[in-house]
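Letters go in sequence order (proteins before strands), and every chain restarts at 1.
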Amino acid sequence: MAEGKQYWLFKSEPESFSIADLEKAPKKTAFWDGVRNYQARNTLRDKVKLGDGVLFYHSNADPSAIVGTAEVVKAGYPDHTAWDKKDHHFDAKSDPKNPTWYMVDIKHIETFAAPITLPSLKKEKPLADMVLLQNSRLSIQPVSEKQWNYIQKLSKKSATRS
DNA sequence: GCCAACGTTGGC
DNA sequence: GCCAACGTTGGC
């Protein structure tokens, strides 16, 4: 592999898919379908690799927070839900011979004992340049190794404190 | 190719 | 539920 392990943040509304759903899934593994944004698609298709680390983020939640981690167990492949007329994410324009949308598979690693909420993330100076904190609506975001390690540390700290 | 209208995301 | 930010669509 040309590059070492990379890190990402995946956003999901817990109403539609939460980290608890991932943990309950068979083999604690699920496919990350339904991405219908080109920038996020490009990341899933071209950049996210087997073995990469994923921060699981609950958006539109109370409170919104990073709730745990997962690992990429299958790199980008066509999102078949785009061809399922009954699926909420159906897209008539995606051609099976030249798929528009992609997804990856992730496996649950850890659910944080105490989620790291958005307000507490904002207070951490070393995380100030996280894409998440830049007013970004992007659902698949890059995370630096430094940010990843810092968040790992934070999750241990808040777990013992609460 | 510009840009106004419209739709969606997501924090609050 | 409101609304700011921003992505997408479509008329020209």
Side-chain angles (χ1 to χ4, degrees), chain A residues 6-25 30-48 52-70 72 76-106 108-144 146-148 150-152 154-155 157-159 161-162:
Chain A
Q6 301 175 100
Y7 303 94
W8 312 97
L9 180 143
F10 286 15
K11 275 190 205 170
S12 180
E13 302 198 14
E15 299 292 309
S16 56
F17 191 78
S18 73
I19 194 160
D21 294 330
L22 180 63
E23 199 170 3
K24 278 181 296 191
F31 46 80
W32 200 265
D33 65 316
V35 169
R36 296 292 180 267
N37 166 283
Y38 285 102
Q39 202 181 338
R41 185 281 311 267
N42 291 344
T43 306
L44 284 181
R45 187 187 56 188
D46 306 331
K47 304 231 177 79
V48 178
D52 282 359
V54 173
L55 295 173
F56 201 116
Y57 178 80
H58 282 174
S59 64
N60 254 321
D62 187 22
S64 294
I66 296 173
V67 291
T69 53
V72 176
Y77 63 105
D79 181 346
H80 55 74
T81 67
W83 308 318
D84 180 355
K85 279 203 172 75
K86 286 179 296 239
D87 195 281
H88 179 63
H89 300 291
F90 173 70
D91 178 5
K93 283 179 291 192
S94 183
D95 174 0
K97 283 186 237 99
N98 184 19
T100 310
W101 305 115
Y102 281 73
M103 60 186 181
V104 300
D105 288 358
I106 63 170
H108 180 268
I109 296 177
E110 180 188 9
T111 299
F112 294 156
I116 307 170
T117 66
L118 186 60
S120 65
L121 287 167
K122 284 179 178 167
K123 281 186 223 143
E124 302 292 340
K125 288 241 170 59
L127 299 178
D129 55 356
M130 271 189 88
V131 180
L132 181 70
L133 304 180
Q134 306 302 310
N135 243 335
S136 174
R137 288 165 41 190
L138 199 57
S139 60
I140 305 289
Q141 310 178 347
V143 172
S144 74
K146 249 168 59 185
Q147 291 161 353
W148 170 272
Y150 192 83
I151 285 161
Q152 293 285 337
L154 275 185
S155 73
K157 232 202 293 181
S158 51
R161 215 192 286 138
S162 64

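Here the side chain of A/Asn42 pairs no donor or acceptor atom with the backbone of A/Gln39 at under 3.5 angstrom. Side-chain N or O atoms of A/Gln134 include one that pairs as donor or acceptor with a backbone N or O of A/Ala128 at under 3.5 Å. A/Trp83 contributes a side-chain N or O that, together with a main-chain N or O of A/Ser94, makes up a donor-acceptor pair within less than 3.5 Å.
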_Trace of the side-chain contact (heavy atoms from CB on, under 4.5 Å) decision for A/Glu15 with A/Asn60_ = CA-CA 9 Å; A/Glu15 299 292 309; A/Asn60 254 321; over 6 Å; no

*List the steps, then state whether salt bridge (charged side-chain N to carboxylate O under 4.0 Å, His left out) holds for A/Arg36 with A/Asp79.*
CA-CA 10 Å; A/Arg36 296 292 180 267; A/Asp79 181 346; 2.9 Å; yes

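Regarding A/Ile66, its CD1 atom lies at a distance of 14 Å from the P atom of B/dG10, rounded to whole Å. Nucleotide C/dC6 holds its P atom 14 Å from the CG atom of A/Leu132, rounded to whole Å. What separates CZ of A/Arg41 from C1' of C/dG7 is a distance of 14 Å, to the nearest Å. Rounded to whole angstrom, the span from the CG atom of A/Asn37 across to the P atom of C/dT9 amounts to 11 Å. Whole-Å rounding puts the A/Leu138 CG to C/dT8 P distance at 10 Å. If you take CD1 of A/Ile140 and C1' of B/dT9, they are 14 Å apart, rounded to a whole angstrom. When the C1' atom of B/dG11 is taken as reference, atom CD of A/Glu13 falls 12 Å away, rounded to whole Å. The nearest whole Å value for the distance from the CZ atom in A/Arg36 to the P atom in C/dT8 is 13 Å.
Along DNA chain C, the nucleotide nearest to A/Ser136 and the one nearest to A/Lys93 differ in position, and the one closer to the 5' end is contacted by A/Ser136. The residue among A/Tyr38 and A/Asn60 whose nearest nucleotide of DNA chain C is located toward the 5' end is A/Asn60.
No donor-acceptor contact under 3.5 angstrom links the side chains of A/Asp46 and A/Tyr102, judged on distance only.
By the side-chain hydrogen bond (donor to acceptor under 3.5 Å, both in side chains) test, A/Tyr38 is found to be paired with no residue, residues two or more places apart in sequence or in another chain being considered.
Below 30°, between 30° and 60°, or above 60°: for A/Phe56 and A/Trp32 the angle between ring planes is above 60°, a perpendicular geometry.
More than 12 heavy atoms of other residues, nucleotides or ligands sit less than 6.0 Å from atom CD of A/Glu13.
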Expected rows: protein N/O vs nucleotides 3-5 of chain C N/O, under 3.5 Å:
{"unit_1": "C/dA5", "atom_1": "N3", "unit_2": "A/Arg137", "atom_2": "NH1", "d": "3.1"}

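For A/Lys11, no side-chain nitrogen or oxygen approaches OP1 or OP2 of B/dT9 to under 4.0 Å. Listed pair A/Lys122 / B/dC12 meets the phosphate criterion, a side-chain N or O lying under 4.0 Å from OP1 or OP2.
For the helix from B/dG1-C/dC12 to B/dC12-C/dG1, the rotation axes defined at the first and last 5 base pairs enclose an angle of 10°, given to the nearest 10°.
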